[in-house]
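Read the structure below first, then the notes.
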Amino acid sequence: TANGQYGSGTVFKIDARGITSVLHVFDGITGGSPTAALTLAADGSLYGTTYAGGKQRFDTGIVYKIDPTGRFSVIHNFDFNTEGKTSSELVIGQDGSLYGTTFTYGTGVAVDPSTIFKITPSGQYRVVHRFNKSATEIPVGGLTVGPDGSLYGASQQGVLAKRGTVYKLTPEGQYKSIYQFNLAYKGYPNTGVTLGQDGSLYGTTSSGGVFGFGTVFRIGVDGSHTILHHFDGVNGAQPFGVIFGKDGKLYGTVSSLITN
């Protein structure tokens, strides 16, 4: 959540009866503004990131671990100059490590490009990919792990179309652009992608489409792009990500509706 005792957010739990309790209150030093969802590990621990706070002078955020009893620990403090900031949730790779993305602002020589990073549960941190700094490529949202161990994600201001990219990073560290968006019609991705059982990648754009209010799209295994839904404002505008339900259907949210 945002706010809390120190105005920096909290981690909470809610039981089946709807009773809420606070597990941790962020104070700025131990992180602040936890904007990303939590990731559940096999041992029951929860891992997350914060957009702000931490010990670095740029107030760049942290990676943290918390157990169901509220025992909290910071396992990494981000350094803006060499690592950037993060607002993405973490995913657990096939090797048991946690993966996420960071972003930076500007192209000055003192600032490194945005990254994909790997961190072990004990806090060993390593950058596994640096995005194209000259093209100001910035990852959006978190990552998705494929059956082959590859990581899939999306970025804005892609290298070719200058608007957006869906990409793949193999376990060996090879980066590949799967699809490039153009702003005029197809919009650009505003969060990460979801992997379907058919091997296709599904996601949303916050603009583009027939009405300009965003789309739900599919990227096929052959790199083809299909718009599954055009938002018209009345049925929603500016969607933000999709997930698969047990019924095989996609579910998501929109940030606004247009009413007469």
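Fair warning: this is a prediction, and the values are worked out from it, not measured in the lab.
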Under 4.0 Å between a side-chain nitrogen and a carboxylate oxygen: does that hold for R218 and D198? no
Looking only at the aromatic ring of each residue, does the gap between the centers of F244 and Y202 stay below 6.0 angstrom? yes
Which word best sums up how the rings of Y179 and H225 line up, parallel for under 30°, tilted for 30 to 60°, or perpendicular for over 60°? parallel
Distance alone, cut at 3.5 Å: any donor-acceptor contact between the side chains of T102 and T115? yes
Residue pair H230 / V210: nearest heavy atoms and the distance that separates them: ND1-N, 3.0 Å
Could you point out which residue of T49, L46, T101 forms a side-chain contact (heavy atoms from CB on, under 4.5 Å) with L90? T49
Within this structure, what is the CG-CD1 distance for the pair N77 and I62, rounded to the nearest 0.5 Å? 6.5 Å
Heavy atoms of P189 and T205 approach each other most closely as N-CG2, 4.0 Å
Would you kindly confirm whether F231 and F211 end up in one hydrophobic cluster when ILVMFWY residues are joined by side chain heavy atoms under 4.5 Å apart? yes
Checking side-chain hydrogen bond (donor to acceptor under 3.5 Å, both in side chains) against H229, which of N235, T215, T204 comes through? N235
Shortest non-hydrogen contact from P68 to K13? O-NZ, 3.9 Å
Students often mix this up, so state it plainly: with edges at 30° and 60°, are the rings of F72 and H24 parallel, tilted or perpendicular? parallel
Just checking, is any N or O donor in the side chain of Q124 or H76 under 3.5 Å from an acceptor N or O on the other one? no
Between NZ on residue K176 and OG1 on residue T170, distance to nearest 0.5 Å: 10.5 Å
For F131 and Y167, take the angle between the two ring planes, folded into 0 to 90°, and tell me which bin it lands in: parallel under 30, tilted 30 to 60, perpendicular over 60. perpendicular
Same apolar cluster: L169 and V91, side chain cutoff 4.5 Å: yes
Working to the nearest 0.5 Å, report the span between OG1 of T194 and CG of L250. 7.5 Å
If hydrophobic clusters are built by linking Ile, Leu, Val, Met, Phe, Trp and Tyr wherever their side-chain heavy atoms come under 4.5 Å apart, do L38 and L40 end up in the same one? yes
Can you tell me how far apart CG (L23) and CZ (F12) are? Round to the nearest 0.5 Å. 9.5 Å
Please step through side chain to side chain contact (heavy atoms under 4.5 Å, CB included) for the pair T165 and S155, ending with a clear verdict. CA-CA 5 Å; T165 305; S155 66; 3.4 Å; yes
Nearest heavy-atom contact between F78 and E83 is CA-OE1, 3.3 Å
Distance, nearest 0.5 Å, that separates CG of L228 from CZ of F217: 9.5 Å
Taking the six-membered ring for Trp, are Y125 and F117 parallel (under 30°), tilted (30 to 60°) or perpendicular (over 60°)? parallel
On a heavy-atom basis, which atom in P139 and which in S114 lie closest, and how many Å separate them? CD-CB, 3.4 Å
Report the residues that fulfil side chain to side chain donor-acceptor pair (under 3.5 Å) with T120, sequence neighbours left out, ordered by chain and then residue number. S122
Closest approach of K65 to S45 (non-hydrogen atoms, all atoms of both residues): CE-OG, 3.3 Å
Main-chain N/O of F103 paired to K85 side chain as donor or acceptor, under 3.5 Å: no
First locate atom CG of D27, then atom OG of S8, and finally report the distance between them rounded to the nearest 0.5 Å. 7.0 Å
V74 with I66, same ILVMFWY side-chain cluster at under 4.5 Å: yes
Check the pair Y188 / S207 against side chain to side chain contact (heavy atoms under 4.5 Å, CB included), numbers first and verdict last. CA-CA 7 Å; Y188 54 88; S207 63; 3.7 Å; yes
If you group Ile, Leu, Val, Met, Phe, Trp and Tyr by side-chain heavy-atom gaps below 4.5 Å, do I219 and V140 land in one group? no
For residues T50 and Y64, determine if any side-chain heavy atom of one lies less than 4.5 Å from a side-chain heavy atom of the other. yes
Assess whether side chain to side chain donor-acceptor pair (under 3.5 Å) is satisfied between Q238 and S206, documenting all intermediate values. CA-CA 4 Å; Q238 298 179 323; S206 57; 5.7 Å; no
Indicate yes or no for a side-chain donor-acceptor contact from D15 to the backbone of I19 under 3.5 Å, with no hydrogens or angles considered. yes
N190 and F240, any side-chain heavy atoms less than 4.5 Å apart: yes
Return all side-chain donor-acceptor pairs below 3.5 angstrom for residues 141-151, not counting sequence neighbours, or 'none' if the list is empty.
{"from": "T144", "atom 1": "OG1", "to": "V193", "atom 2": "O", "distance (Å)": "2.4"}
{"from": "D148", "atom 1": "OD1", "to": "S150", "atom 2": "N", "distance (Å)": "3.0"}
{"from": "D148", "atom 1": "OD1", "to": "S150", "atom 2": "OG", "distance (Å)": "3.3"}
{"from": "D148", "atom 1": "OD2", "to": "S150", "atom 2": "OG", "distance (Å)": "3.1"}

